[in-house]
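To start, the structure under review is shown below, and the notes come after it.
Lettering of chains follows the sequences in order, A, B, ..., and the numbering in each one begins at 1. The figures that follow rest on heavy atoms only: side chains count, while hydrogens, waters and symmetry mates do not.
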Amino acid sequence: MTPCKLDVRPLLARGEEPFAAIMSAVDALAPGQPLCLIAPFRPVPLFNVMSNRGFACSDRALEGGDWEVIFTPVSAVEPGLAPGSASAAAFWPEPAEVLDLTGLAPPEPMVRILETLEAMEPGAVLFALLDREPMFLFPELAQRGHEWAGNLAADGTCYRLLARRGGDD
Amino acid sequence: MAWFASAILFLIAALGLMVAGAAGPAHWENGRALAVVHLFALGWLGQMMLGALLQFAPVLVARPLALPALALPALLMSTLGVLLLAAGFLALDGWEGGILLLEAGPVLLAGAFACGGAMLGGTLVAAGGWRGSEARVVLAGLAGLVLVWASGAGMVLDLTGNGPGQLIEALPLHVAVGVGGWLGLAAFGVSYKLFAMFLLAPDGDSAQRRAGFVLALVALSLVLGGLTAVLTALSARLAVIGVAVAALAAAVLYLADIRRLWTIRRRPQPEVNMQMSRAALAFLVLVCGLLPFAAAWGGRWAEAAVFAALVGWLSTLTLAQMIKIVSFLTWIQYFAPRIGKAKVPVVQDLTNAGAARRWLWLWTLGALCGTMALLAEMPLLFRLASLALLAAAIGLAAEAVAIRRLSHLSPDARPTRVPVILPPLAERRPRNDPMQA
C-alpha cells in the first residue's frame, strides 16, 4: 500500500509545533497504510509514541541532513516473515547483490553476507539464499546497524534473507 | 558455556572417584557409588545437556531464549544441588550428617530444573515448538526430566525415612527415564538439528522420526504408570518390560533416521565431531543389544547397558560435539565482529583436530573396556578403563580451554584483547529493532 507522505519541514520552518499535524495524519491513515514522514532531524521522541500506537519504524538520512521515517502498522508487516524482520522491507530497493549460499557449512554463509554488505553502499540491499536460518548472523547485523527480513521457504528447504546496509555513523 | 565448564569439573570428579574405586562391577548400591553415578549423570551429562539446550532451543525454533535471567540461578542451584545430593548419599555409608544434605539436594535440583524448564519450555512452547520434529522431542525430554526428578525425590524420601518405604522399587524406572527419557530424548532432539547442520543434510521430519516420537511418548507414559504402580505398592515389572520394548524400538528408529541423514548429506568428508559421533552411535547400537538382557535379568547386564549408554553413547556424543560447539561459539564471539573489516581465521583453525581425535578415541576405548569389565565382573579392568576415561576427559578439557584461549592460532591472528574463559551464561539475541538503531 502506498505510504501517506507528510513533510513537516515547512511547519517547523514557520516555527509551528508539528505533533498535532502528525497525529491527525496518523488518524487519517487507511487500515494497514504506512506513514512516510520527512523531518529536518531524526524525530526520536516520536518513535516511542508511534510504537505505542502499534507502528514499527525504519528511518534513513536524506541528503542535506533531513530524515525520512516510515512508520508501518505492525499488522501490515508481510505475513510469514520471521520475528525480528524489519517491517519496512517491502519498501526497500531491489537487491543490488544476490548470493546463493546453499551447501556452505556454517559460519561460511555469515562470512560471505557480512563481507558483501560491508562493501556495499549504505541503503543498498542484498538477497541471500541459505540452507537454514542464520541465527548467529542476526545479532551481528543489528550490531552493525544493518536491517534484515527473512523467512523459511514454504517447503522448508531454504531460507530467504534480505539485508539492507545501514548508514555509516 | 559456564554450564560446560561446571559439567567438565563434575566429569573429572566422578571419573577420579571411579579410579579410586568408589564404584565398580556389582558395587553400585552403596552411598559412594550412588554419589559417583549422580555426579556423572546429573553433574556432567545433565548440566551439559541443559547448557547445550539453552544454546540450541533458540536455534530450534528461531526465537530468542525466554527468561534468560534465570540461567545463573539455574546453574548455581544445579551445581550446589548435585554436590549436596552426592555428599548426602554418603549417609548411606553411615555418615549421619549426610541425611540433611540428601534431603536438601532434590529441593535445590527442583529449583534448578524449574528454572531450566521455564527457559526451555517457555522458548519452545511460545514458538509452537511441538509442531517441529526436533523441538517436540526436546519437550518430551523435559517431561522425562520431571519424571526422573519425581522418582528420585521419592526414593530420597524413603532413604531418609520420610517415605512409605517401597519406593526403592522405582529404581529401574528412575534409571530408565533418567538415561532414556531425559538425557536420551534431549540428545535425540539436539542431534537431529546438529547432525543436519554439520553434515549439510536437509532439515525436516521423517516417518521414522514421527514413529520414534510416538514410541517415546508411550515409554514416558509407561514410566508414569509404573511409578503410580510403585506408589500404590503394586509391581512395576510389566511397566519396566514395556518401557524397555518401547525404548528399544524408539532407539532403532532414531538410528535409522540418523542413517538417512548420513546418506543424504552434502559434506563428503565429515569433521572429527561427526566421525566420533559415529562411535557414539555404535555404543547406542550396543545399548540396544544389551537392553533385552538388562530388562530380563538385571544385574551385570543392566550395569553394562547403563554404563554403555551414559559413558559410551551420551558422553562420547557430548564430548565430540562439545569441542565443535566451543570452537564455533568462540569463533562467533571473537571473529564475527571482524568479518568484512579484517582477515578472520576459519573455525577449524581454533581446534587441534588431531589431538581432539586421539583423546576421543581413548575415551571410546575406555568406555568399551568399562562396559566389558562390568559384563565380565572384573573390578581391576574397570578401574583401568576409568583411568583411560579420566585421562581422555582431562585431555579434552585442556583442549576446550585451549580453544577458548585461542591458543592454536598464530599470535598475529589473535585479537589483542585477551579472551575470557567464560562468555555470558545464555546468549541473548538482540532483536532487529529500529527503535534502538
Other residues, nucleotides, ligands: >12 heavy atoms within 6.0 Å of B:R210 CZ |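 Counting other residues, nucleotides and ligands, CZ of B:R210 exceeds 12 neighbours.
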Mark yes when over 12 heavy atoms from residues, nucleotides or ligands other than A:K5 sit less than 6.0 Å from its NZ; otherwise mark no.
->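 Atom NZ in A:K5 is not packed in, count stays at 12 or less.
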Are [X] and [Y] packed together at the side-chain level, in the sense that at least one heavy-atom pair is separated by less than 4.5 angstrom?
| X | Y | answer |
| --- | --- | --- |
| A:F136 | B:L329 | yes |
| A:R144 | B:K341 | yes |
| A:Q143 | B:P337 | no |

Would you mind telling me which of A:E118, A:R112, A:E140, A:E115 makes a side chain to side chain contact (heavy atoms under 4.5 Å, CB included) with B:I339?
->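 Answer to the side chain to side chain contact (heavy atoms under 4.5 Å, CB included) test with B:I339 among A:E118, A:R112, A:E140, A:E115: A:E115.
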Separation between CZ of B:R266 and OG1 of A:T102, rounded to the nearest 0.5 Å |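 Atom-to-atom, B:R266:CZ and A:T102:OG1 are 6.0 Å apart.
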First locate atom CG of B:L200, then atom CZ of A:R132, and finally report the distance between them rounded to the nearest 0.5 Å.
->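 One finds 7.5 Å between CG of B:L200 and CZ of A:R132.
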Top contributor to chain A contacts, counting heavy-atom pairs under 4.5 Å, from B:A336, B:A196, B:G340 =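 Result: the option with the highest number of such pairs is B:A336.
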Give the member of A:G145, A:G103, A:C158 that has the highest number of heavy-atom pairs under 4.5 Å with chain B.
->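 It is A:G103.
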For A:M110 against B:I332, the heavy-atom pair lying closest together =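 Answer, listing the atom of A:M110 first, then B:I332: SD-CD1, 3.8 Å.
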Could you look at A:L104 and say if it's the side chain, the backbone, both or neither that has a heavy atom under 4.5 Å from chain B?
->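 Backbone of A:L104 only, per the 4.5 Å heavy-atom cut-off to chain B.
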Please state whether the side chain, the backbone, both or neither of [X] comes within less than 4.5 Å of a heavy atom of chain A.
| X | answer |
| --- | --- |
| B:V347 | side chain |
| B:F335 | neither |
| B:A201 | backbone |

